[in-house]
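Here is how names work: the chains are called A, B, and so on, in the same order as the sequence lines, proteins then strands, and each is numbered from 1. For clarity, every value in this text was computed on a predicted model and none was experimentally measured.
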2 protein chains.
Amino acid sequence: MARPSAKNPTLSLDRGVLPSLLGYVLRRTQSAVFADFAATFAQAGEALTPGEFGLLVLVERNAGLSQMALARALGIDRSTLVPILNRLQARGLLVRRDSPTDGRTHALGLTPAGEKALTRFARLVKAHEKRIASGLSAAETRTLIGLLEKVRASARSL
Amino acid sequence: MARPSAKNPTLSLDRGVLPSLLGYVLRRTQSAVFADFAATFAQAGEALTPGEFGLLVLVERNAGLSQMALARALGIDRSTLVPILNRLQARGLLVRRDSPTDGRTHALGLTPAGEKALTRFARLVKAHEKRIASGLSAAETRTLIGLLEKVRASARSL
DNA sequence: GGAGATTGTTTGGGGAGCAAACAAATTCGG
DNA sequence: CCGAATTTGTTTGCTCCCCAAACAATCTCC
């Protein structure tokens, strides 16, 4: 019988049930994908997080939306959104204009520089997506996305 | 042609390409699963993160391992691990014993209370897993895990 | 025995997230 | 139409995760 302790430097250790847990595999995969995203952008001399990319796309496709609407779409608190918008605005990619109809809200929009940057970003994201899905057929990728959506639907806040 | 702007309060907005991006769907699903995990534990009066659960399982199945070995297995920096172990140790679930063979390393292990707690935690995780996979057949769940592993393998740090 | 590597810790910095409180503005009820 | 309730964006405070760099203690290898 193999004694496990001893000296087992890098050779992966016993993970028990973990590899059969959906939550565990999901978390590890997400972590690796995030790293790949970061590496892809870093290598291109750009800096962006997946969350920022999603935010920019949302603002581009829904110009003039408010921070509350954006926060809801992102599933985060409105107070969490503030520093993120500050950063993007400081980079000159995004603006908070005064809403003509509601004095409380800001009408979010991309600057021309933001539009141009988003085009570059989209190219990098496409390359990143291609790499992480390189082990899958197109059909498998669609299946994977569909299954993930089903999981997300079942995993409600409760 | 429908003018998008106007007032579209909660009715989901235009997400553009995002729903077809694996990284995006993965991130949103992971977020929902995390929330379900937290809600499951909170409802049972327990407090634990998915990461802590994984760590405890790893320590249980590989008693006596060092912090470096654990950090490598978790894919995090050794300095990141320190406050996490401090917290778990303060909760009396885990101990850092002196290694008899190597004065630099700590031999990590669960306390009896840690073993008992982990049994409770495992039950909650099982319930959580059952819920998030409730929309999937057993075969689909296996398929999903397999596809995620493939993605993880392709998404290398680069 | 000494040079170099490894381990755990501390410090410093960044980001993500929530809750509570607040002022300004809007909406709603009478 | 005017006051009350609600909504929005912001600030502050707190927790957590993550990394990099530096440091002392210890081990390894020559």
*Asks:* Any heavy-atom pair between the side chains of B:R28 and A:E149 that's under 4.5 Å?
*Replies:*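 No, too far: nothing below the 4.5 Å cut-off.
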
*Asks:* Are the side chains of A:T29 and A:I132 in contact, using a 4.5 Å heavy-atom criterion?
*Replies:* no

*Asks:* Rounded to whole angstrom units, what separation is found between the CZ atom of A:F34 and the C1' atom of D:dC19?
*Replies:* 12 Å

*Asks:* Can a donor-acceptor pair be found between the side chains of A:H128 and A:D36 at a distance below 3.5 Å?
*Replies:*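 Yes - a donor-acceptor pair under 3.5 Å links their side chains.
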
*Asks:* Keeping the roles fixed (side chain from B:T105, backbone from B:S66), state whether a donor-acceptor pair exists under 3.5 Å.
*Replies:* no

*Asks:* Go along nucleotides 4-18 of chain C 5' to 3' and tag each nucleotide: B for a protein heavy atom under 4.0 Å from its base, S when only backbone or sugar atoms are that close, - otherwise.
*Replies:* --BBBBB----SSBB

*Asks:* May I have the distance from B:D98 (atom CG) to D:dT26 (atom C1'), rounded to whole angstrom?
*Replies:*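 After rounding, the reported distance stands at 12 Å.
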
*Asks:* Can you sort out the partners of B:S31 under side chain to side chain donor-acceptor pair (under 3.5 Å), two or more places apart, ordered by chain and number?
*Replies:* none

